[in-house]
Asker: 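If you scroll down you'll find the structure; I have some questions about it.
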Amino acid sequence: MTDPSSPASSPVWHPFTQHALQPKMQRISRGLGAWLKTDDERLIIDAISSWWVITHGHCHPRIVAAIRDQAERLDQVIFAGFSHEPAETLAHKLLEIVPDGLDRVFYSDSGSTAVEVALKMALGYWRNTGQPRTRILALEHAYHGDTVGTMSAGARGVFNAAYEPLLFDVERLPFPSPGDEQATLDALEAACREQNCAALIVEPLVLGAGGMLVWSADCLREMRAICDKYDVLLIADEVMTGWARTGTMFACEQAGVTPDILCSAKGLTAGHLPLAVTLCSERIYQAHYSEDRSKTFFHSSSFTANPISCAAALANIELWEDQPVLERVGDLVGWQSAALAKFEGDERFANIRQSGTIAALDLVVPDAGYLAEAGLALQAFFLDCGILLRPLGNTIYVMPPYCITSEQLDQIYAAIAEAPEIVGAGSR
Ligand SMILES: *Cc1c(COP(=O)(O)O)cnc(C)c1O
């Protein structure tokens with residue numbers, strides 16, 4: 001008799017998972033604060049905020065209560081021709097939080113769709129204003145999602161090789177490595193002179209899936225200036241960086257810039273439910289505002305502005321308003337710095353870096369492909385230590401929920417200190 005709960009008999013196909021190499025999925029039955037609990041009652045510290053979504057902590061009682069309350073009143077309603085209070089209140093609240101100059105809020109349901117919407121808004125803007133601009137500029141190592149449009153804007157590699165022939169071409173700018181930003185700015189300016197540029201899309205200050213690559217706010221400010229000079233739209237993909245991951249509510253704030261379009265998802269509902277927004281300036285909205293139907297913004301998802309998700313996002317913003325969350329973030333930033341400082345001079349690690357609450361360091365390994373093999377062993381080791389960490393290649397990063405304690409963080413870094421031994425790294 002087959003056990004229906006045994007992984008071997010599960011019909012579930014997991015994301016970014018090679019089932020032939022990883023036959024067993026760890027089952028989780030509860031989440032609370034920074035903890036996850038396995039179905040065999042073991043506690044695990046969620047050191048990556050469940051893939052960068054959880055901000056305050058798992059199952060926050062105020063967000064859970066808002067979800068429960070909204071679910072009893074209105075579950076879902078078509079959002080074309082209809083509206084509802086949670087979506088409208090949330091839109092107003094969001095405009096109070098984001099950089100000045102963003103005026104309109106378009107709802108969708110994931111980071112990828114928020115970016116697709118951003119790209120479509122930019123292209124629609126140029127079409128509707130009678131200028132044939134279609135070229136998208138993007139950074140080397142960028143990640144913007146896994147749909148065909150967002151993969152096109154993202155870096156090419158093993159993850160999208162199969163689809164490469166169908167991806168659209170973008171102008172790729174070199175990553176602005178600290179100290180070497182001028183090459184990026186020169187490439188941006190050269191590209192902008194070509195006339196056909198519709199928009200530049202960036203992950204402000206930190207490229208997430210590309211390996212937690214940190215870059216400067218000054219460079220972002222200069223990019224904004226070049227975009228202004230050539231009238232190229234700037235899209236900020238803040239799907240990961242938003243909601244204070246980089247220390248400020250949105251990463252753009254540190255550069256003092258307002259993008260023409262800003263994408264937010266992940267932490268929007270504190271990571272409790274799927275919801276995304278694409279905010280844009282009035283000028284982009286006005287380019288679509290017309291009695292000419294052909295200028296309509298033709299985009300929708302079935303669950304656009306789902307009322308329960310909107311209620312969760314509203315409860316999230318209320319927490320930011322009436323609890324000292326930014327202070328907690330500030331503490332976490334300090335703890336992360338202190339933890340990283342202990343790795344300075346340790347030859348088994350390189351490229352120690354931090355942006356706000358995000359800390360990252362690279363394992364020194366014999367060759368780059370090496371950790372592709374060792375990665376699973378490393379994840380299993382961390383799990384045995386009671387910690388959820390998921391290195392990106394040889395990059396180990398810690399992006400915890402803001403409720404994490406300094407003791408829990410100590411536990412995470414104690415495990416990281418043992419990681420080189422587990423994979424035989426540091427010995428060339
Ligand atoms: C996660 C992520 C996305 C995609 O978001 P999903 O909700 O997973 O579709 C897009 N952009 C960035 C920068 C991300 O980190």
Side-chain angles (χ1 to χ4, degrees), residues 55 79 83 86-126 128-129 136-137 144-145 150 153 198-206 217 220-228 231-269 275-289 297 299 301 304-305 309-310 313-314 316-318 320-321 326:
T55 50
F79 205 61
S83 195
E88 287 175 16
T89 308
L90 176 58
H92 282 292
K93 291 253 181 201
L94 284 170
L95 292 184
E96 287 169 16
I97 297 173
V98 296
D100 265 350
L102 293 164
D103 308 293
R104 300 283 166 172
V105 182
F106 191 94
Y107 285 103
S108 61
D109 48 19
S110 75
S112 298
T113 53
V115 174
E116 290 278 346
V117 164
L119 295 171
K120 286 174 72 173
M121 275 181 182
L123 295 174
Y125 170 82
W126 290 115
N128 287 355
T129 54
I136 301 294
L137 315 179
H144 295 292
T150 59
L200 164 67
I201 179 165
V202 297
E203 296 158 81
L205 305 194
V206 188
L220 177 59
R221 191 178 309 119
E222 295 190 39
M223 283 177 171
R224 172 77 271 186
I226 295 170
C227 287
D228 282 342
D231 204 16
V232 169
L233 300 173
L234 176 64
I235 302 172
D237 176 356
E238 293 237 23
V239 169
M240 185 278 278
T241 53
W243 305 96
R245 288 288 179 206
T246 70
T248 49
M249 199 58 149
F250 290 94
C252 283
E253 287 170 33
Q254 292 177 48
V257 303
T258 301
D260 300 279
I261 303 176
L262 184 147
C263 308
S264 177
K266 291 189 172 130
L268 174 58
T269 58
L275 185 70
V277 284
T278 307
L279 298 105
C280 71
S281 63
E282 189 64 18
R283 137 170 115 129
I284 290 169
Y285 176 80
Q286 286 302 329
H288 292 85
Y289 186 85
F297 186 55
H299 191 97
S301 327
T304 301
S309 294
C310 288
L314 273 171
N316 169 39
I317 293 177
E318 277 166 22
W320 282 96
E321 283 170 351
L326 269 178

Asker: Hey, can you pull the donor-acceptor pairs under 3.5 Å for the side chains in residues 91-101, sequence neighbours left out?
Answerer:
{"residue": "Lys93", "atom": "NZ", "partner": "Glu321", "partner atom": "OE1", "Å": "3.3"}
{"residue": "Lys93", "atom": "NZ", "partner": "Glu321", "partner atom": "OE2", "Å": "3.1"}

Asker: Can you say whether the rings of Tyr289 and Tyr285 are parallel (under 30°), tilted (30 to 60°) or perpendicular (over 60°)?
Answerer: tilted

Asker: With no hydrogens and no angle check, is any side-chain donor or acceptor of Ser112 less than 3.5 Å from a backbone partner on Gly145?
Answerer: no

Asker: Has Asp260 got a side-chain atom pairing as donor or acceptor with Leu234's backbone, closer than 3.5 angstrom?
Answerer: yes

Asker: Measure the spacing between CD of Glu203 and OG1 of Thr241 and express it to the nearest 0.5 Å.
Answerer: 7.5 Å

Asker: Report the C-alpha separation of Thr55 and Trp320 in whole Å, then their side-chain angles, then the decisive distance to 0.1 Å, and conclude whether the side-chain hydrogen bond (donor to acceptor under 3.5 Å, both in side chains) test is met.
Answerer: CA-CA 11 Å; Thr55 50; Trp320 282 96; 5.0 Å; no

Asker: Using the rule given for side chain to side chain contact (heavy atoms under 4.5 Å, CB included), can you reason through Glu238 versus Leu205, listing the C-alpha separation, both sets of side-chain angles and the distance that settles it, and then say yes or no?
Answerer: CA-CA 10 Å; Glu238 293 237 23; Leu205 305 194; over 6 Å; no

Asker: Using the rule given for side chain to side chain contact (heavy atoms under 4.5 Å, CB included), can you reason through Ile284 versus Phe297, listing the C-alpha separation, both sets of side-chain angles and the distance that settles it, and then say yes or no?
Answerer: CA-CA 10 Å; Ile284 290 169; Phe297 186 55; over 6 Å; no

Asker: Say you draw a straight line from CD1 of Ile201 to CG of Leu233; how long is it, rounded to the nearest 0.5 Å?
Answerer: 11.5 Å

Asker: Tell me, please, which residues at least two apart from Asp103 pass side chain to side chain contact (heavy atoms under 4.5 Å, CB included).
Answerer: Ser281, Glu282

Asker: Determine the minimum heavy-atom distance between Trp243 and Gly267, stating which atoms define it.
Answerer: CD1-C, 3.6 Å

Asker: If you compare all heavy atoms of Ala313 against all heavy atoms of Leu90, which two are closest, and at what distance to 0.1 Å?
Answerer: CB-CD2, 3.6 Å

Asker: Out of curiosity, Met121 CE to Ile235 CD1, how far, rounded to the nearest 0.5 Å?
Answerer: 9.5 Å

Asker: Under a 3.5 Å distance rule, please check whether Glu253 uses its side chain to pair with a backbone N or O of Phe250 as donor and acceptor.
Answerer: yes

Asker: Dump the intermediate steps for side chain to side chain contact (heavy atoms under 4.5 Å, CB included) on Leu279 and Arg104, then the final yes or no.
Answerer: CA-CA 5 Å; Leu279 298 105; Arg104 300 283 166 172; over 6 Å; no

Asker: Rounded to the nearest 0.5 Å, how far apart are NE2 of His288 and NZ of Lys120?
Answerer: 9.5 Å

Asker: For Ala255, what residues pass the side chain to side chain contact (heavy atoms under 4.5 Å, CB included) criterion, not counting sequence neighbours?
Answerer: Ala217, Leu220, Arg221, Val257

Asker: Leu268 and Asn316: which non-hydrogen atoms are nearest, and at how many Å?
Answerer: O-ND2, 2.9 Å

Asker: Mind checking side chain to side chain contact (heavy atoms under 4.5 Å, CB included) for Ala276 and listing every partner two or more places apart, or none if nothing turns up?
Answerer: Ser108, Ala114, Ala265

Asker: Do any N or O atoms from the side chain of Asp237 and from the backbone of Val202 form a donor-acceptor pair under 3.5 angstrom?
Answerer: no

Asker: Under a 3.5 Å distance rule, please check whether Arg224 uses its side chain to pair with a backbone N or O of Thr258 as donor and acceptor.
Answerer: yes

Asker: Ignoring hydrogens, what is the shortest heavy-atom contact between Trp126 and Ala198? Give both atom names and the distance.
Answerer: NE1-O, 2.9 Å

Asker: Which residues pass the ring-ring contact (aromatic ring centres under 6.0 Å, His included) test with Tyr125, not counting sequence neighbours?
Answerer: none

Asker: For the CD1 atom of Ile136 and the CG atom of Leu119, what is their distance to the nearest 0.5 Å?
Answerer: 5.0 Å

Asker: Give a yes-or-no answer on whether the side chains of Thr246 and Gln254 include a donor-acceptor pair shorter than 3.5 Å.
Answerer: yes

Asker: Taking salt bridge (Lys or Arg N to Asp or Glu O under 4.0 Å) as the test, write out the residues that go with Glu88, two or more places apart.
Answerer: none

Asker: Between OG of Ser301 and CG of Asp109, what distance do you get to the nearest 0.5 Å?
Answerer: 4.0 Å

Asker: For the pair Thr89 (side chain) and Pro86 (backbone), establish whether a donor and an acceptor sit closer than 3.5 Å, ignoring hydrogens and angles.
Answerer: no

Asker: Should Thr278 and Tyr107 be marked as a side chain to side chain contact (heavy atoms under 4.5 Å, CB included) after you check the CA-CA gap, both sets of side-chain angles, and the distance that decides it?
Answerer: CA-CA 6 Å; Thr278 307; Tyr107 285 103; over 6 Å; no

Asker: Using atom types as modelled and distance alone, determine if a side-chain donor or acceptor of Ser110 lies under 3.5 Å from a backbone N or O of Thr113.
Answerer: yes

